[in-house]
> 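Below is the structure I would like to discuss, written out as C-alpha cells.
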Protein chains: 2
Amino acid sequence: MRKPEVRERILEFIRHSFDDRGYAPTVRDILKGCNLSSTSVVQHHLNTLEKEGRIHRDPQVVRSIQLMKKDVVEVPLLGAIAAGKPIPVPSSDTWTTPPEETLKLTTDMVGNKSNIYALKVKGTSMVDALIDDGDTVVMEAVPTAEDGQMVAVWLKDEQEVTLKKIYREPGRIRLQPANKQMKPIYVKPQNIEVQGKVVAVLRRLSR
Amino acid sequence: MRKPEVRERILEFIRHSFDDRGYAPTVRDILKGCNLSSTSVVQHHLNTLEKEGRIHRDPQVVRSIQLMKKDVVEVPLLGAIAAGKPIPVPSSDTWTTPPEETLKLTTDMVGNKSNIYALKVKGTSMVDALIDDGDTVVMEAVPTAEDGQMVAVWLKDEQEVTLKKIYREPGRIRLQPANKQMKPIYVKPQNIEVQGKVVAVLRRLSR
DNA sequence: TGTTCTATAGAACATTCGTTAAATATAAAT
DNA sequence: ATTTATATTTAACGAATGTTCTATAGAACA
C-alpha cells in the first residue's frame with residue numbers, strides 16, 4: 001500500500017515545527033503530531049523521505065532534520081552598475097574570494113535559481129526601466145535571453161550597459177524600456193552582448 | 001571578572017552551527033567548539049545570554065537555542081493597491097485571521113521594523129514613482145511621516161491613493177513623484193491622510 | 001498460491017544531552 | 001578584611017531521543 005499522503009503530512013508538520021518553534025521535531029514529536037502509532041513508523045517514513053532527497057538527517061543527532069527546500073538564499077553583491085561601465089562579473093578563473101558582501105534574499109523573491117548575483121545601481125540612467133539611483137538589481141548570469149525578458153545589454157559601439165526588454169526582429173534588435181511611455185531603440189545584432197537577465201529589482205526606502 | 005568576550009564567541013559559534021549544519025548546537029558542542037572546560041560553564045553563559053535576551057531556549061528541549069536576531073521576516077500580503085481605492089489595511093479589531101498569504105523577506109531588505117505589510121500594485125498609475133504594474137510595495141503602517149519620505153497618501157477629494165514623497169510647505173503639502181522629470185502636485189493639508197510609509201519596492205521578473 | 005514490497009506495531013536498548021549539586025576560585029564592592 | 005557577585009571544576013542523575021529487532025498485515029504481482 002502506497003501512503004504518500006502520510007509523508008506529506010509529516011513534511012507539513014516539520015515545516016510547522018520550524019515556523020512555530022524554530023527547530024526540528026523529534027521522532028516522537030512527529031509520532032504525536034501526526035497521530036502515528038510507533039516510532040518505527042516515523043523512522044520508516046523519515047528514511048523514505050531521506051532517500052527521496054526531501055529531507056536530510058545527521059545520524060545520531062537529535063532534532064537534525066533539515067528540509068531540503070531552502071528558504072533563504074545568500075547572493076553576492078558584486079558591485080555597481082552604471083551606464084558607461086561593463087558589469088563587473090568576475091570570470092570563473094579570476095574568482096577572488098575576498099570578504100565579499102552578500103545579500104540575503106528569500107526564494108519567495110528569486111525562486112531557486114543559481115548563478116545569481118546582485119548589483120547596486122548608480123545614477124538615474126535606468127529610470128526609463130523604472131529603476132532608480134540606489135536600487136538593487138538581482139541578476140541571473142545567462143549569455144542569452146528570450147524575447148520580452150529584461151536583460152543587461154552591453155552596447156559595444158556606445159560602450160555602455162543598459163537594462164531593457166529585448167525583442168529580436170528581422171535584421172535588428174529592439175530594446176524596449178520598461179516604461180511604456182518611452183520609445184524603444186534599435187540596434188544591430190553585432191553591436192550587443194547580453195550580460196545577464198534581470199530577475200528582480202529591489203528598492204529600500206526610509207533607511 | 002566580567003567575561004563578555006566568551007559569550008560573544010559562544011554566540012558566534014551558535015551562528016556558525018546554524019549556517020553550517022542547519023540546527024542549534026548542544027551544550028557539549030559549545031563546550032568543545034569554544035574550548036571551554038565544563039558543561040556548567042556553558043550553562044552559566046547560556047543562562048546569562050538568555051537573561052540578556054540575546055538567545056531563547058525551551059527548557060528540557062535539546063538543540064532548542066534560538067538566536068533572537070532574526071534573519072527572515074514573514075510579512076502578510078494584504079491585497080492590492082490601485083489608484084482610486086483605499087489601502088485594505090485591516091483595523092486591529094477587525095483582525096480576521098484567514099489563511100493569509102504571506103511573503104518571506106529578509107532583514108537585509110526591510111530591517112527590523114514591525115507593523116509591516118506588503119501590497120501588490122495593480123495598474124501603471126504609479127509609474128511616476130518608478131513603480132510598475134505587478135510590483136510589490138512593502139509598507140510600514142505609520143500615521144505620519146517625515147519630509148522626504150515616500151508615503152501612501154489618501155487624497156480625500158480625489159478618492160484616490162497614490163505613492164509620493166511628502167514635503168510640508170507653508171499652507172500646503174507638496175507631493176513629489178520619485179521620477180525627477182515629473183512635476184509635483186500640491187494639496188491642502190486637510191485633503192490628505194497618510195496611510196503608511198513605503199519601506200521597500202520589489203519587482204520580480206522572468207518568473 | 002507463493003513471493004515481495006511496503007506499512008504498521010510494540011518493545012527494548014544505547015546515547016545524547018539538559019540539568020543539578022557541591023566545592024572552589026576569582027574579581028569587584030563595601 | 002569582609003562580603004558579594006561572578007566564574008570555574010568535577011561529577012553524576014535522569015529525561016529525551018535516535019535506533020534496532022522482531023512480528024504482523026495488506027497489497028501488488030507473477
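Values below: every heavy atom of this structure, side chains too, minus hydrogens, waters and symmetry copies. Every chain is numbered from 1, with letters handed out A, B, ... down the list of sequences.
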> Quickly work out the H44(A) NE2 to dA23(D) P distance and round it to whole Å.
18 Å

> Over how many whole Å does the gap from Q43(B) atom CD to dT20(C) atom P extend?
8 Å

> Can the positive tip of R63(A) be found less than 6.0 Å from the middle of the six-membered ring of Y23(B), inside 45° of the ring normal?
no

> Relative to the 5' end of DNA chain C, which residue comes earlier, R28(A) or V62(A), by the nucleotide with the nearest heavy atom?
R28(A)

> Is a donor-acceptor contact shorter than 3.5 angstrom present between the side chain of S40(B) and the base of dT19(C)?
no

> How many Å lie between CG on L46(A) and P on dG18(D), as a whole number?
9 Å

> Could you check if a side-chain atom of V62(B) sits within less than 4.5 angstrom of a side-chain atom of T26(B), using non-hydrogen atoms only?
no

> Between P on dT19(C) and CD1 on I30(B), what's the gap in Å once rounded to a whole number?
12 Å

> Taking C-beta and beyond as the side chain, do I55(A) and L67(A) meet within less than 4.5 Å on heavy atoms?
yes

> dC17(C), dT20(C), dT8(C): which one has an atom nearest the side-chain heavy atoms of V61(A)?
dC17(C)

> From CD of Q60(A) over to C1' of dA14(C), roughly how many Å is that when rounded to an integer?
9 Å

> Out of dT20(C), dT19(D), dG10(C), which has the shortest distance to the side chain of V27(A)?
dT19(D)

> What is the distance, to the nearest angstrom, from the CG atom on N47(A) to the P atom on dC21(D)?
13 Å

> Ignoring hydrogens and geometry, is there a side-chain-to-backbone donor-acceptor pair from S64(B) to P59(B) under 3.5 Å?
no

> Does H45(B) put a side-chain nitrogen or oxygen below 4.0 Å from OP1 or OP2 of dT8(D)?
yes

> Taking atom P of dA11(C) as reference, at what distance in whole Å does atom CG of L31(A) sit?
13 Å

> Please name the nucleotide paired to dA27(D) by Watson-Crick or G-U wobble geometry with both distances under 3.5 Å, or report none.
dT4(C)

> Is any side-chain N or O of R57(B) closer than 4.0 Å to OP1 or OP2 of dG18(C)?
no

> Could you give the NZ-to-C1' distance, from K51(B) to dA7(D), as a whole number of Å?
13 Å

> With a 4.0 Å cut-off on heavy atoms, is T26(A) in touch with a base, just the backbone sugar-phosphate, or nothing at all?
sugar-phosphate

> Answer with base, sugar-phosphate or nothing: what part of the nucleic acid does T39(B) contact at a heavy-atom distance below 4.0 Å?
base

> Sub-3.5 Å donor-acceptor pair from the side chain of R168(A) to the main-chain atoms of P189(A), do we have one?
no

> Of all the choices, dT19(D), dA7(C), dA21(C), which nucleotide is nearest to the side chain of R7(A) once you look at every atom?
dA7(C)

